[in-house]
Amino acid sequence: MISANLSAIFYLISGVLFILALRGLSSPETSRQGNFFGILGMIIAITVTFLSIGNFSSGFIAVLIFLLIGGLIGAFIAYKIPMTAMPELVAGFHSLVGLAAVFVAIAAFLNPDAFNLGSPGNIKLGSLIEMSIGASVGAITFSGSIIAFLKLQGIMSGSPITFKGQHSLNALILISIFVLIYLLCSTQSSNLFWILLAVSFLIGFLLIIPIGGADMPVVISMLNSYSGWAAAGIGFTLENTALIITGALVGSSGAILSYIMCKGMNRSFFNVILGGFGATEQSTSAQNKEQRPVKSGNADDAAFLMKNASSVIIVPGYGMAVAQAQHALREMVDTLKKNDIKVSYAIHPVAGRMPGHMNVLLAEANVPYDEVFELEEINNDFANADVAFVIGANDVTNPVAKTDPQSPIYGMPVLDVEKCKSVLFVKRSLSPGYAGIDNDLFYKENTLMLFADAKKMTEDITKNL
Amino acid sequence: MEIDPFIFRLSIFILSIFIGYYVVWSVTPSLHTPLMSVTNAISSVIIVGAIIAGLAGNSGSIFNTSSLFGFLAISLAAINIFGGFLVTQRMLAMYKKKKKDK
C-alpha cells in the first residue's frame with residue numbers, strides 16, 4: 001500500500017507520458033517513441049492503482065483475469081484488422097471507452113464508499129454532478145459510436161436517416177438530460193440515474209442517424225472528443241490526475257480534428273451535426289446530366305498517356321479503400337518510376353472515412369511518406385503535371401466548388417485536378433458523389449474516364465505499361 | 001481560507017486542454033489516424049476507476065453489483081488499451097519502413 005500523495009505523483013507522471021505520446025506524433029520518426037511513452041504511462045497508472053489499493057486477495061485474481069480477457073481480445077483485433085477497416089475499428093473502440101465510462105460511473109453510484117464519495121443515497125454533491133455528466137457523455141459516446149460503426153461497416157445504410165421534427169425532438173431530449181442531472185443531484189434517486197442513462201443512450205443514436213457516410217470523418221473525431229470528456233468527467237469523480245489530464249487531451253484532440261475536417265468541407269460544425277447533407281440534392285442534378293458528352297477510355301489508353309508523361313499526380317479517395325486498390329496502385333507507380341516518371345500523391349483532408357485514412361492505406365502499401373502531400377502543399381503542382389490519376393475520389397476534385405456559388409459544395413477547398421494536361425478518372429459510373437452533385441470534371445476536354453473497378457483498372461494499366 | 005481541491009483539479013483540467021490544443025495542432029496530418037487510435041488507448045486509463053470498483057467487493061464475496069460493473073469495465077478498457085496501442089504500433093511501423101526502402 002502506497003500513500004495517496006505518492007500515487008498522485010505517479011498518476012501525474014503517467015499524465016505527462018501521455019502528453020509526450022501525442023507530442024511524438026508530430027513526425028513519423030518520433031512517433032514510435034511516442035507510442036512507447038503512452039504504453040509506459042498506462043503501465044504506471046495501472047500498477048499504481050493496484051499498489052494504492054493494496055488488496056491482493058481473491059478479488060485481485062479476478063481483476064487480472066478480466067484484464068487478461070480484454071487484453072487478449074484487444075491484441076487479437078489489433079493484429080487481425082485490415083488497414084481498410086480502421087475507421088470501423090476506431091468507432092468500435094470509442095464505443096468501448098464510452099461504455100467503460102458508464103460502467104465505472106454505475107459502480108461508483110452503487111458503491112460510493114469504495115471511491116470515498118460518501119454513502120449510497122448520500123453522495124457528495126460535487127461528485128454526483130461529475131459522475132452524472134461522465135455517465136451521460138459516456139452513454140452518448142457509446143450509442144453514437146455504435147451507429148457510426150454500423151454505418152461504416154455497411155450493416156446500416158450510409159445515407160442519412162431523417163424524419164420530421166427530428167431537430168426539435170433532439171433538442172427536447174438534450175434539455176431533459178440537463179433537467180434530469182439537476183433532479184438527480186437534488187434527490188439522489190437511483191431511478192433518475194437509470195433514466196438519465198437511458199435517455200443519454202437514446203440521444204446518442206438519434207444524433208448520429210441523420211449524418212451520412214462521407215461526413216463520418218467529422219463524426220468519428222467528434223465521438224473521439226466525447227470519449228475524452230467522458231473520461232475527464234469520471235476523472236473528476238475519482239479525483240485522479242491521470243484521468244483528468246488524459247480526458248482533456250483526448251477531448252481537445254477530437255475537437256481539433258473535427259474542426260480540421262469541417263474546414264476541409266467548408267461547412268460549419270453545426271451544419272454537419274444537423275445532418276441530412278446530400279439527401280435532397282440528388283434529384284435536381286440528375287436531369288441535366290444525360291446530354292453532356294464524356295470521353296471514356298480503357299487501360300491501354302491510360303497506359304499510353306502515362307508512359308508519355310514526365311510527372312503524374314495520384315488523387316486517392318474512399319473508392320480506393322473500398323476496392324482495396326492501394327497495393328495495385330503502388331505496383332503501377334513502381335512501374336512508372338522505372339520509366340523515370342515523377343509520381344506524387346495528393347491527399348484531400350476529408351478523403352476517406354476518417355482523418356488520415358488515405359495516408360495509412362498508402363503507408364500500408366509501402367508508399368514512402370515523403371511522396372504523399374497534403375492539399376496546400378501540392379495544389380500548385382497540378383498546373384505543371386502531365387497526368388492526374390483520380391482513383392476513388394470525386395467531390396474533392398469538383399471544380400464547381402470554385403466556380404458555381406449555387407452549388408452545395410461552393411467554397412470547399414478542392415484539388416485543382418483540372419489544371420493538369422490530362423486527367424484520368426477511375427470510376428465505376430457517372431453517378432454523382434456524396435454531395436449529390438455532378439462533377440464538372442467528367443465533361444472536360446482533357447478528362448478521360450476509365451469506367452471500371454479501381455483495383456482491376458490499376459492492374460490492367462500496369463500490364464499495359 | 002483554504003482553496004477547495006476541486007479548484008486544483010479544475011486548473012489541471014483547463015491547462016491540459018491548452019496543452020492538448022497546442023500538441024495536437026503540431027501533429028502531422030498524415031498521422032491523424034494513429035492519433036485517433038492512440039487517444040483511444042490512453043483515454044482507456046479509465047481502467048483505474050474500473051480496478052478500484054472491481055476490488056471494492058467486501059471480503060465475503062468478490063462479486064456484488066458494483067464490482068461486477070467494475071470487472072466488465074476492466075475488460076472493455078483492456079480491449080481498448082491493448083488494441084489501441086498495438087494497432088497504433090502496427091500503423092506506425094508501416095510509416096517507419098519506407099525511408100530506408102527508397
Side-chain angles (χ1 to χ4, degrees), chain A residues 18 22-23 25-26 28 31-32 35 38-39 45 49 53 55 58-59 62-63 66-67 69-71 73-75 77-78 86 90 93 96-97 99-101 103-104 106-107 110-111 114 224 227-228 231 234 238 242-246 248-250 252-253 256 355-356 359-360 363-364 368-369 374, chain B residues 6 9 12-13 16-17 19-21 23-24 26-33 35-40 42-46 48-57 62 65-66 69-89 91-92 94-95 98 102:
Chain A
F18 291 150
L22 299 193
R23 181 75 187 98
L25 289 172
S26 56
S31 60
R32 273 156 295 118
N35 199 41
I39 296 172
T49 309
I53 301 173
N55 170 358
S58 47
V63 168
F66 279 94
L67 189 77
I69 295 173
I73 298 173
I77 297 173
M86 211 43 75
V90 169
F93 278 170
L96 298 183
V97 179
L99 195 59
F103 283 174
V104 172
I106 293 175
L110 294 176
N111 188 2
N224 186 25
S227 71
I234 302 295
L238 306 181
L243 206 39
I244 295 176
I245 295 178
T246 316
L249 289 179
V250 177
S252 51
S253 162
I256 290 172
N359 303 80
V360 170
E364 187 200 12
Y369 57 78
E374 303 300 315
Chain B
F6 171 78
R9 286 191 284 278
I12 295 172
F13 179 64
S16 301
I17 292 177
I19 293 172
Y21 180 85
V23 168
V24 172
S26 75
V27 171
T28 160
S30 66
L31 291 176
H32 275 162
T33 299
L35 171 69
M36 300 203 88
S37 61
V38 85
T39 49
N40 230 311
I42 63 173
S43 56
S44 301
V45 73
I46 200 158
V48 300
I51 293 173
I52 297 174
L55 288 178
I62 317 166
T65 331
S66 162
F69 277 110
F71 286 126
L72 289 176
I74 289 173
S75 282
L76 294 177
I79 295 179
N80 256 322
I81 293 172
F82 282 74
F85 280 125
L86 287 173
V87 88
T88 310
Q89 191 93 319
M91 276 191 267
L92 295 178
M94 300 184 319
Y95 283 84
K98 20 205 108 147
K102 311 267 156 180

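A, B, ... follow the sequence lines: proteins, then strands. Residue 1 opens every chain. Every value quoted in this text rests on a predicted model; they were computed, and no experiment measured them. All heavy atoms count here, side chains included; hydrogens, waters and symmetry mates do not.
Val63(A) is listed as a side-chain neighbour of Phe71(B), based on a closest heavy-atom distance under 4.5 Å. Residues Met86(A) and Val87(B) have side chains in contact (heavy-atom distance under 4.5 Å, counting atoms from C-beta outward). Side-chain contact check for Thr33(B) versus Asn359(A): every heavy-atom pair is 4.5 Å or farther apart.
The CG atom of Leu99(A) lies 10.5 Å from the CD1 atom of Ile46(B); values are rounded to the nearest 0.5 Å. The CZ atom of Arg9(B) lies 12.0 Å from the CG atom of Leu243(A); values are rounded to the nearest 0.5 Å. Put simply, CZ on Phe13(B) and CG on Leu249(A) are 10.5 Å apart, with the number rounded to the nearest 0.5 Å. Taking CD1 of Ile79(B) as the reference point, atom CD1 of Ile73(A) lies at 4.5 Å (rounded to 0.5 Å). Distance CD1/Ile234(A) to OG/Ser43(B): 12.0 Å, rounded to 0.5 Å.
Between chain B and the options Leu110(A), Val250(A), Asn35(A), the largest number of non-hydrogen pairs under 4.5 Å is found for Asn35(A). Comparing Ser30(B), Ala50(B), Gly20(B), Ala77(B) by how many heavy-atom pairs each has under 4.5 Å with chain A, the most go to Ser30(B). The greatest number of non-hydrogen atom pairs below 4.5 Å with chain B, out of Ile106(A), Leu96(A), Ile256(A), is found for Ile256(A). No other option in Leu35(B), Asn80(B), Val24(B) has as many heavy-atom pairs under 4.5 Å with chain A as Asn80(B). With respect to chain A, the highest number of heavy-atom pairs below 4.5 Å among Leu72(B), Val48(B), Leu86(B) belongs to Val48(B). Per-residue counts of heavy-atom pairs under 4.5 Å with chain A were compared for Val45(B), Ile81(B), Ile12(B); the largest is that of Val45(B).
Listed here is the closest heavy atom pair of Thr39(B) and Ser253(A): CG2-OG, 3.7 Å. For the pair Gly49(B) and Leu238(A), the tightest heavy-atom approach, listed with the atom from each and the gap, is CA-CD1, 3.2 Å. Shown here for Asn111(A) and Ser66(B), the closest heavy-atom pair between the two residues is CB-OG, 3.1 Å. For the residue pair Gly70(B) and Ala107(A), the shortest heavy atom distance occurs at N-CB, 4.3 Å. Taking all atoms of both residues into account, the shortest heavy-atom contact from Ser75(B) to Ile69(A) is OG-CB, 4.4 Å. Closest approach of Met94(B) and Glu364(A) over heavy atoms only: SD-CA, 3.5 Å.
For Val38(B), the part sitting under 4.5 Å from any heavy atom of chain A is the side chain, from C-beta outward, and nothing else. In this structure, the portions of Ile39(A) lying under 4.5 Å from any heavy atom of chain B include both its backbone and its side chain. Proximity to chain B involves both the backbone and the side chain of Ser26(A), based on heavy atoms less than 4.5 angstrom apart.
Considering Leu76(B), Ile51(B), Ile74(B) in turn, Ile74(B) is the only one that fulfils the side-chain contact (heavy atoms from CB on, under 4.5 Å) rule with Phe66(A).
The aromatic rings of Tyr369(A) and Tyr95(B) sit tilted, their planes meeting at an angle between 30° and 60°.
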Practice task
Before giving the answer on side-chain contact (heavy atoms from CB on, under 4.5 Å), spell out for Thr28(B) and Leu25(A) the whole-Å C-alpha distance, their side-chain angles and the decisive distance to 0.1 Å.
Solution key: CA-CA 7 Å; Thr28(B) 160; Leu25(A) 289 172; over 6 Å; no
